[in-house]
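What's counted below: heavy atoms across the whole structure, side chains too, no hydrogens, waters or symmetry copies. So you know, we letter chains A, B, ... as the sequences are listed, proteins then strands, and number each from 1. Computed from a predicted model, the values in this text were never measured in an experiment.
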Amino acid sequence: MSAEQSNLSIQDEISAAILQVLRDAHSQLNCDIPTSLTLERPKNRDHGDYATSIALALSKPSGIAPRKIAEIIVAGLEARKDIAALEIAGPGFVNITLDKSSQGGVIANILAAGKTFGHGNKLNGIAINLEFISANPTGPLHLGHTRWAAVGDALGRVLSAAGAKVAREFYINDRGVQMDKFGASLQSAALGQPRPEDGYHGAYIDDLAKEVVQANPEVLKLSGEEQTFAFRDIGYKLQLAQQQNVLDKFGTHFDVWFSEKSLYDNNFFAHCQEVLRSKGHVFVDGGAIWLRTTDFGDDKDRVMVKSDGSMAYFASDSAYYISKRERGFEICIYMLGADHHGYTGRLKALAACNGDDPEYSVEILIGQMVKIMEGGEEVKLSKRAGTIITLEELVEKVGVDAARYTLIRYPVDTPMVMDVDVLRSRTNENPVYYVQYAHARICAVLRNATDLGIKYGADLIHPELLVHERERELIGALGEFPRVVAGAAELREPHRVARYVEELAGVYHRFYADCRVLPLGDETPSELHSARATLCSATAQVISNGLELLGVSAPEKM
RNA sequence: GCGCCUGUAGCUCAGUCGGAUAGAGCAACCGCCUUCUAAGCGGUAGGCCGCAGGUUCGAUUCCUGCCAGGCGCGCCA
């Protein structure tokens, strides 16, 4: 139902109408007419509620002056009742001012759709595999993972809201020498021996080693390699559970915890190798088995099976990709840290080797570094992990909502600094509170409305009464939400939702300052009070829906 | 050397599938609570959108080159 609603939004209707006018004038224009058109929302209110520059864009291909084309558009729209004014401005912009009563439709849509307002069908039915975090289960999750824990989760929510079928996956790197080092580190910690030089040195290793022994005292009876492996396998499960627990508290949930090791069960890797071989890109050189990724633009070919018969990391990468495709995902999104951006070439080439269009089936998002400041200095040391601050410690410092919101509100391709002191503050400089405060404020107004017997709801919108500049601004902002969500999903940029919600909160605060919602003193309740309260409830709904997409709570009281 | 990312107000950053006067918060200054949450609102001030070319009706946005910073270039994982 939400899909139909967003299709029926007033701006979509008008842009469709403009395209129809242009198509009708095809013989005159004699050029290609675009298939879609997005109305802009002008910054300057003198330019109407919506504007389009399509006349300027079509001027060149048609050879007709832009103002002339604008006239055609205006003539074609003039009969519409939902448009109050049409104006041709500057070189050929068409400015559209909506009829006041037609704006009420937005409020009705919001109230009818409730939690699903903003959902759409832009990515309807597309099966997307969203892989993020993907850490070694050999220690606590740290800051580098934290950005993805927040952004990846939000992106998953946004993609789902746009209609995609999303599977969020955490790839557990539970194979290879890191795991063995981890086992050896636990073993030596438990036995009170010095840690291996290239092992893990964080303080958490001691605790974990104790836990392992406590849960399985018999490991102490083993010896040598057998004991190392026992520590590794038991410690791995405990550490993974700890990661899962922390993520759960952080509000980040996965559909699939995918074990790298499992790629080698039941000859799956052999099957993948055969798939790639059958497509002609596997070769043997120097006793190693390679994938010829240079066929598709990679810098160098990649080893899958080393000359000693052991598996290179890329073997897992390739098998994992094939697993995703065989499980029916058409788009595989990888969210990687900046230090892994060199993977782009090989992952795209891998897809091409599998016969896929890498531009479509593989998307790689690179997240730049996160730094954390406290007291004007960079925080580097973690008590637990020894070197790098952990996700858990960040949450202890600033709380889940502030941490998530701050991580999400910036585009991922720029490095960011989190200032703990700001995140603990409760003022304008802390956007999460700014937005949450707007929501709590509305809830307070609505509670008071109920106490005063002021009714509000879909049958009390009275759009003809909501003519104050601030009211029109607010209604206009509310109507943008579905487009913002669709854009965030399409561009894989959940931060757009955060920025929108901040904007909306600001518009609401200004409305609140200028438009009294509830009766003053012994003033008689009127339809305007109900209409404004209804507008408030629609705003609360949209703020709440926006925060939901970010995994941030929308408190009713603060 | 090659590749990816970044350079916008004093600070932290938005914006850009090319559009009308480049935005927000902080910091500075001046205002607004005898009635809905002041965790809020209004105002003043602050800009060669890194530099130089190109594309065009129009470039902060696209292209090229340069400068500066971050990151990466293993039969490691």
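Between B:G3, B:U16, B:A14, one nucleotide has an atom nearer to the side chain of A:Arg496 than all others, and that is B:U16. Closest approach to the A:Ala89 side chain among B:A20, B:U37, B:A14 is made by B:A20 (side chain taken as heavy atoms from C-beta onward). In this structure, the nucleotide among B:C75, B:U37, B:C5 sitting nearest to the side chain of A:Lys557 is B:U37. The side chain of A:His341 lies closest to B:C71 when the candidates are B:U37, B:A77, B:C71. Checked against B:G72, B:U37, B:U6, the side chain of A:Asp339 finds its nearest nucleotide in B:G72. Among the nucleotides B:C41, B:A38, B:U6, the one closest to any side-chain atom of A:Asp413 is B:U6. The side chain of A:Tyr410 lies closest to B:A14, out of B:G42, B:A14, B:U37. Considering only side-chain atoms of A:Asn95, the nucleotide from B:U16, B:C75, B:A20 that sits closest is B:A20. For A:Ala288, whose side chain is taken as the heavy atoms from C-beta onward, the closest listed nucleotide among B:G15, B:A77, B:C75 is B:C75. Nearest nucleotide to the side chain of A:Asn136, out of B:G19, B:A77, B:A14: B:A77.
Using a cutoff of 4.0 Å between basic side-chain nitrogens and carboxylate oxygens, A:Asp298 and A:Arg302 are scored as salt-bridged. Between A:Arg424 and A:Glu374 there is a salt bridge, since at least one side-chain N of the basic residue sits less than 4.0 Å from a carboxylate O of the acidic one. At a threshold of 4.0 Å, the pair A:Lys348-A:Glu359 counts as salt-bridged, since one of the basic side-chain nitrogens sits closer than that to a carboxylate oxygen.
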Dump the intermediate steps for ring pair (Phe, Tyr, Trp, His ring centres under 6.0 Å) on A:Tyr437 and A:Tyr434, then the final yes or no.
-> CA-CA 5 Å; A:Tyr437 181 65; A:Tyr434 183 79; 8.4 Å; no
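With a glycosidic angle more than 90° from 0, B:C71 adopts the anti conformation.
In this structure, A:Lys300 reaches the B:G74 phosphate: one of its side-chain N or O atoms is under 4.0 Å from OP1 or OP2. Side-chain nitrogen and oxygen atoms of A:Lys306 include at least one within less than 4.0 Å of the OP1 or OP2 phosphate oxygen of B:C76.
Across B:A59 and B:C51, the matching C1' atoms stand 16 Å from one another, rounded to whole Å. Atom name C1', nucleotides B:C48 and B:A52: the rounded distance is 13 Å, in whole Å. Taking atom C1' in both B:G10 and B:A27, the straight-line distance is 8 Å, to the nearest Å. Taking atom C1' in both B:G53 and B:G69, one finds a spacing of 23 Å when rounded to whole Å. When the C1' atom is compared between B:A28 and B:G65, the two are found 41 Å apart, to the nearest whole Å. When the C1' atom is compared between B:A39 and B:G3, the two are found 46 Å apart, to the nearest whole Å. To the nearest whole angstrom, the two C1' atoms, one in B:A45 and one in B:U6, are 29 Å apart. When the P atom is used for both B:C36 and B:G43, the distance is 23 Å, rounded to whole Å.
For A:Tyr512 and B:C36, the ring-to-base geometry satisfies the stacking test (centroid distance below 5.5 Å, interplanar angle below 30°). You cannot call A:Tyr434 stacked on the base of B:A39; the centres under 5.5 Å and planes under 30° rule is not satisfied. Here A:His340 does not count as stacked on B:G72, because the ring centres are not under 5.5 angstrom apart with planes under 30°.
Between atom SG of residue A:Cys272 and atom CE of residue A:Met304 there is a gap of 9.5 Å, rounded to the nearest 0.5 Å.
Pair check for B:C41 finds B:G31; Watson-Crick or G-U wobble, both atom distances under 3.5 Å. Look at B:C13: its Watson-Crick or wobble partner, with both distances under 3.5 angstrom, is B:G23. Look at B:G3: its Watson-Crick or wobble partner, with both distances under 3.5 angstrom, is B:C71. Base-pair partner of B:G58: not found among the strands shown (Watson-Crick or G-U wobble, both distances under 3.5 Å).
Evaluation of atom-type donor-acceptor distances gives no pair under 3.5 Å for the side chain of A:Thr344 against the base of B:C4.
Between the side chain of A:His529 and the backbone N or O of A:Ser526 there is at least one donor-acceptor pair closer than 3.5 Å.
A:Arg302 comes within 4.0 angstrom of nothing in the nucleic acid, heavy atoms only.
Using cut-offs of 30° and 60° for the angle between ring planes, the A:Tyr200 and A:Phe182 rings count as perpendicular.
Rounded to whole Å, the distance from CD on A:Glu473 to P on B:C41 is 13 Å.
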